[in-house]
Amino acid sequence: MSDHGQDPLRDPGFFADPYPVYERLREGCPVRRISTGSGGGHPAYLITGHAEAREAFTDARLSKDTARFFAGRPSDRKLHPAVSRTMLASDPPEHTRQRRVVTPLLAPGRVRELRPYLTRVVDDLMAGWRPGTQVDLVADLAVPLPVTVVCELLGVPESDRAMLAARSHDLFDATGSDRVDTASHRIGDYLTRLVDTAADERGDGPLHSLLRDCEAGGLDRDETVSLAALLLVAGHETTTHFIGNAVLALLRHPEAFDRLRRDPDLIPGALDELLRYDSPVSVATFRHNMQDLRVGGVGIPAGFPVLIAPGAANRDPAAFPDPHRLDLDRDAGGHLAFGHGIHRCPGAALARAEAETALRALVTRFPEVRLAVPERSLVRRRTRLTRGLAALPLALA
């Protein structure tokens, strides 16, 4: 089924609330050809159904090798190779080799060891929060928490962390490719210098440990820099939105917030439903099919970009009845907010631990917290890859 008009993901209301757009597309056909780009001249296939998304996520015929897709195609993009050629944009065996290095760093056991550190970071960030004052949850907690953690893992000096966070923010900007390209080079050049400096000196810091792991795993210098870039960017942008979206969802559903306030030990079990309800990943980075294939019974000719939308799949009523309702008793473990298959987010355990720590601190310290502005005035980031808030002003009580 086709959508021959303008890009449906450029609907004026999409950034504020994508779910009506997703619902319309899914009801028409959960796998459909659409026109992308401002001129509607770049065809792609968009997958909005849950079963179809799971199928596509695990189909080895859908390649993540973007370099192969763009080879010989004209493009105005000038991304730094460290950003454009990460593990996320590769297929086995290259992907397997790089993932083998990063998985132990982010494994659940390692994350358990980090929990006291996460608590200290949150305590420091909230040290100045006082009842009767106003804070921006995004700028004051949701951004600096994961940024601090991933920069600590990479050995990034504190003086450079704000700059890297800002440039990572720019990478997801949907308003101009020049801004994205410039940000990619700032990040890539910085991390290249960081890695080269660490490689020239002996040490026992986190980055030195990562470099040793990369060398043992057979990664060369460029692959090591790209892995650092992926950890930096993917390691905090989506977690920032996870925290912001979760807090807003709870504020919009006072009964759910009250349950967590009365029993914070329910928070770990609520995270899947919060991820499903408003996924921080709206549309996954694109794949392309190397041969003709069928997904959900729909034929996709070889050579087309394929976009999988976890944000849409997580609101599919065939998988989650009454999907637009936040239900903390729901079994939402099948959500696709972290993806599925071999490219499932390796940092899922860390993201969950960071969000749990932040939510636990908020509901226990400020049980009467509320929005400081009308909800209609909240602004969403203008990027369709991720879904998050530009700011979330809260009144502490």
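FYI, the numbering just counts along the sequence from 1. Every value quoted in this text rests on a predicted model; they were computed, and no experiment measured them.
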Novice: Going by atom types alone, do D189 and H80 pair a side-chain donor with an acceptor below 3.5 Å?
Specialist: yes
Novice: Decide yes or no on side chain to side chain contact (heavy atoms under 4.5 Å, CB included) for R287 and I308, but give the supporting numbers first.
Specialist: CA-CA 8 Å; R287 289 156 167 78; I308 306 173; 3.8 Å; yes
Novice: May I ask you to decide whether E215 forms a salt bridge with R212, counting only side-chain N to carboxylate O separations under 4.0 Å?
Specialist: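 Salt bridge flag = no for R212 with E215.
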Novice: Do the side-chain N and O atoms of H241 and R387 include a donor-acceptor pair separated by under 3.5 angstrom?
Specialist: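 No donor-acceptor contact under 3.5 Å links the two side chains.
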Novice: Spell out, as yes or no, whether a donor-acceptor pair under 3.5 Å connects the side chain of T96 to the backbone of P92.
Specialist: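 Absent.
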Novice: Would you say the side chain of I47 lies within less than 4.5 Å of the side chain of V306, judging by non-hydrogen atoms?
Specialist: yes
Novice: What are the two closest heavy atoms between S282 and F14, and how far apart are they?
Specialist: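 Closest approach of S282 to F14, heavy atoms only: OG-CZ, 4.2 Å.
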Novice: Please tell me if the side chains of P30 and H50 come closer than 4.5 Å, counting only heavy atoms from C-beta onward.
Specialist: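 P30 does not reach H50 side chain to side chain.
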Novice: Could you please spell out the steps behind the side chain to side chain contact (heavy atoms under 4.5 Å, CB included) verdict for E354 and V111?
Specialist: CA-CA 10 Å; E354 290 171 341; V111 171; over 6 Å; no
Novice: With a 3.5 Å distance limit and no angle check, can you tell me whether S377 reaches the backbone of P374 through a side-chain donor-acceptor pair?
Specialist: yes
Novice: Can you name the closest pair of heavy atoms from A82 and A229 and give their distance?
Specialist: O-CB, 3.6 Å
Novice: Within a radius of less than 6.0 Å around CZ of R370, do more than 12 heavy atoms belonging to other residues, nucleotides or ligands occur?
Specialist: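 Incorrect, the count does not exceed 12.
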Novice: To the closest 0.5 Å, what do you measure between CD1 (I34) and CG (L307)?
Specialist: 5.5 Å
Novice: For the residue pair F320 and D331, establish whether any side-chain heavy-atom pair is separated by less than 4.5 Å.
Specialist: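 They are not in side-chain contact.
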Novice: Are the aromatic rings of Y277 and H253 close, with centres under 6.0 Å apart?
Specialist: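 Yes; H253 has its ring centre under 6.0 Å from that of Y277.
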Novice: Does Y117 belong to the same Ile/Leu/Val/Met/Phe/Trp/Tyr cluster as L207, with side-chain heavy atoms less than 4.5 Å apart forming each link?
Specialist: yes
Novice: Of all the heavy-atom pairs spanning P346 and M87, show the shortest one and how long it is.
Specialist: CG-CE, 4.3 Å
Novice: Indicate yes or no for a side-chain donor-acceptor contact from R276 to the backbone of A332 under 3.5 Å, with no hydrogens or angles considered.
Specialist: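 Not a single qualifying donor-acceptor pair exists.
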Novice: State plainly whether the residues R325 and D322 are in salt-bridge range, i.e. N to O under 4.0 Å.
Specialist: yes
Novice: Please determine if R262 and D258 form a salt bridge, counting it only when a charged side-chain N lies under 4.0 Å from a carboxylate O.
Specialist: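 Salt bridge present between R262 and D258.
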Novice: Would a 4.5 Å heavy-atom cut-off, applied to side chains only, mark L378 and L248 as touching?
Specialist: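 The answer is yes, as the side chains (C-beta and beyond) meet within the 4.5 Å cut-off.
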Novice: Can you tell me if R186 has over 12 outside heavy atoms packed within less than 6.0 Å of its CZ?
Specialist: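 Counting other residues, nucleotides and ligands, CZ of R186 stays at 12 neighbours or fewer.
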Novice: Distance from L392 atom CG to L251 atom CG, nearest 0.5 Å?
Specialist: 6.5 Å
Novice: Using the rule given for salt bridge (Lys or Arg N to Asp or Glu O under 4.0 Å), can you reason through R85 versus D65, listing the C-alpha separation, both sets of side-chain angles and the distance that settles it, and then say yes or no?
Specialist: CA-CA 8 Å; R85 299 175 188 171; D65 188 344; over 6 Å; no
Novice: Flag yes if more than 12 heavy atoms outside E158 fall under 6.0 Å of its CD atom; otherwise flag no.
Specialist: no
Novice: Indicate yes or no for a side-chain donor-acceptor contact from R99 to the backbone of I342 under 3.5 Å, with no hydrogens or angles considered.
Specialist: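 Flag set: sc R99 to bb I342 pair under 3.5 Å.
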Novice: Given 3.5 Å as the limit, does a donor-acceptor pair link the side chain of H343 with the main chain of G339, or not?
Specialist: no
Novice: Enumerate the salt bridge (charged side-chain N to carboxylate O under 4.0 Å, His left out) contacts for residues 223-237, please, sequence neighbours excluded, ordered by first and then second residue.
Specialist: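 Those involving residues 223-237 are R97-E223, E237-R381.
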Novice: Mind listing the closest non-hydrogen atom pair of A53 and A313 along with its distance?
Specialist: CB-CB, 4.0 Å
Novice: Can a salt bridge be assigned to the pair R61 and D292 using a cut-off of 4.0 Å between side-chain N and carboxylate O?
Specialist: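 Judged by the 4.0 Å cut-off on N to carboxylate O distance, R61 and D292 do not form a salt bridge.
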Novice: Is there a side-chain contact between T239 and P280 (heavy atoms, below 4.5 Å)?
Specialist: no
Novice: Assess whether side chain to side chain contact (heavy atoms under 4.5 Å, CB included) is satisfied between L385 and V281, documenting all intermediate values.
Specialist: CA-CA 6 Å; L385 284 178; V281 176; over 6 Å; no
Novice: Mind telling me whether H340 and F57 have parallel, tilted or perpendicular rings, with 30° and 60° as the class edges?
Specialist: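 Taking H340 first and then F57, their aromatic rings stand perpendicular (interplane angle over 60°).
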Novice: Are R315 and E23 ion-paired here, with the side-chain N under 4.0 Å from a carboxylate O?
Specialist: no
Novice: Is D278 salt-bridged to R380, cutoff N-O under 4.0 Å?
Specialist: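 Here D278 pairs with R380 in a salt bridge, since their nearest N and O are under 4.0 Å apart.
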Novice: Mind checking the CZ-OG spacing from R167 to S184? Nearest 0.5 Å is all I need.
Specialist: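 OG of S184 is found 11.5 Å from CZ of R167.
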Novice: Spell out, yes or no, whether V195 and I187 are grouped together once hydrophobic residues are joined by side-chain heavy atoms under 4.5 Å, including indirect joins.
Specialist: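 Yes, same cluster.
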Novice: For residues L274 and A249, report the shortest heavy-atom separation together with the two atoms involved.
Specialist: CD2-CB, 4.2 Å
Novice: Please tell me whether M290 and Y45 are part of a single hydrophobic cluster in this structure, the criterion being side-chain heavy atoms less than 4.5 Å apart.
Specialist: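 In one cluster: no.
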Novice: Any donor-acceptor pair under 3.5 Å linking the side-chain atoms of S90 with those of K64?
Specialist: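 Note: K64 and S90 side chains miss the donor-acceptor criterion.
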Novice: Between the side chains of D272 and H335, is a donor N or O closer than 3.5 angstrom to an acceptor N or O?
Specialist: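 A donor-acceptor contact under 3.5 Å links the two side chains.
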Novice: Output yes when a side-chain donor or acceptor of S209 lies under 3.5 Å from a complementary backbone atom of G205, and no otherwise.
Specialist: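 The answer is no, because no donor-acceptor pair under 3.5 Å joins these two groups.
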Novice: Indicate if I300 and L62 have the same hydrophobic cluster label, given that clusters are the connected sets of ILVMFWY residues with side-chain heavy-atom separations under 4.5 angstrom.
Specialist: yes
Novice: Tell me, do P104 and D213 make a side-chain contact under 4.5 Å, heavy atoms counted?
Specialist: no
Novice: Can a donor-acceptor pair be found between the side chains of S63 and D91 at a distance below 3.5 Å?
Specialist: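 There is such a pair between these side chains.
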Novice: Decide yes or no on side chain to side chain contact (heavy atoms under 4.5 Å, CB included) for R100 and H95, but give the supporting numbers first.
Specialist: CA-CA 8 Å; R100 191 177 295 126; H95 171 268; over 6 Å; no
Novice: Search all heavy atoms of A89 against all heavy atoms of S84 and return the closest pair with its distance.
Specialist: CB-O, 3.6 Å
Novice: Which value, rounded to the nearest 0.5 Å, describes the distance between R360 atom CZ and L118 atom CG?
Specialist: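 Reported value, rounded in 0.5 Å steps: 12.5 Å.
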Novice: Look only at the side chain of E356 and the backbone of I267, and say whether a donor-acceptor pair between them is shorter than 3.5 Å.
Specialist: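 Pair absent, no side-chain N/O of E356 close to backbone of I267.
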Novice: Do F242 and L275 come within less than 4.5 Å of each other through their side chains, counting heavy atoms only?
Specialist: yes
Novice: Should the pair E52-R26 be classified as a salt bridge under the 4.0 Å nitrogen-to-oxygen rule?
Specialist: no
Novice: Do any N or O atoms from the side chain of R376 and from the backbone of V373 form a donor-acceptor pair under 3.5 angstrom?
Specialist: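 No, because the side chain of R376 does not come within donor-acceptor range (under 3.5 Å) of the backbone of V373.
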Novice: Strictly distance-based, threshold 3.5 Å: is any side-chain N or O of T58 a donor or acceptor partner for the main-chain N or O of R54?
Specialist: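 Indeed, once roles are kept as given, a pair shorter than 3.5 Å links the two residues.
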Novice: Donor-acceptor check, side chain of H185 to backbone of K78, threshold 3.5 angstrom: yes or no?
Specialist: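 It does hold such a pair.
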Novice: Quick one: pull up CG in L260 and CG in L362 and give me the separation to the nearest 0.5 Å.
Specialist: 10.5 Å
Novice: Flag yes if L231 and M163 sit in one hydrophobic cluster, no otherwise; membership is Ile, Leu, Val, Met, Phe, Trp, Tyr, and two members link when side-chain heavy atoms are under 4.5 Å apart.
Specialist: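 As far as the 4.5 Å side-chain criterion goes, M163 and L231 are connected within one cluster.
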Novice: Rounded to the nearest 0.5 Å, what separation is found between the CG atom of L137 and the OG1 atom of T240?
Specialist: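 If we round to the nearest 0.5 Å, L137:CG and T240:OG1 are 10.0 Å apart.
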Novice: Strictly by modelled atom types, are D316 and Y22 linked by a side-chain donor-acceptor pair under 3.5 Å?
Specialist: no
Novice: With the side chain counted from C-beta on, respond yes when V369 and V247 share a heavy-atom pair under 4.5 Å apart, and no when they do not.
Specialist: no
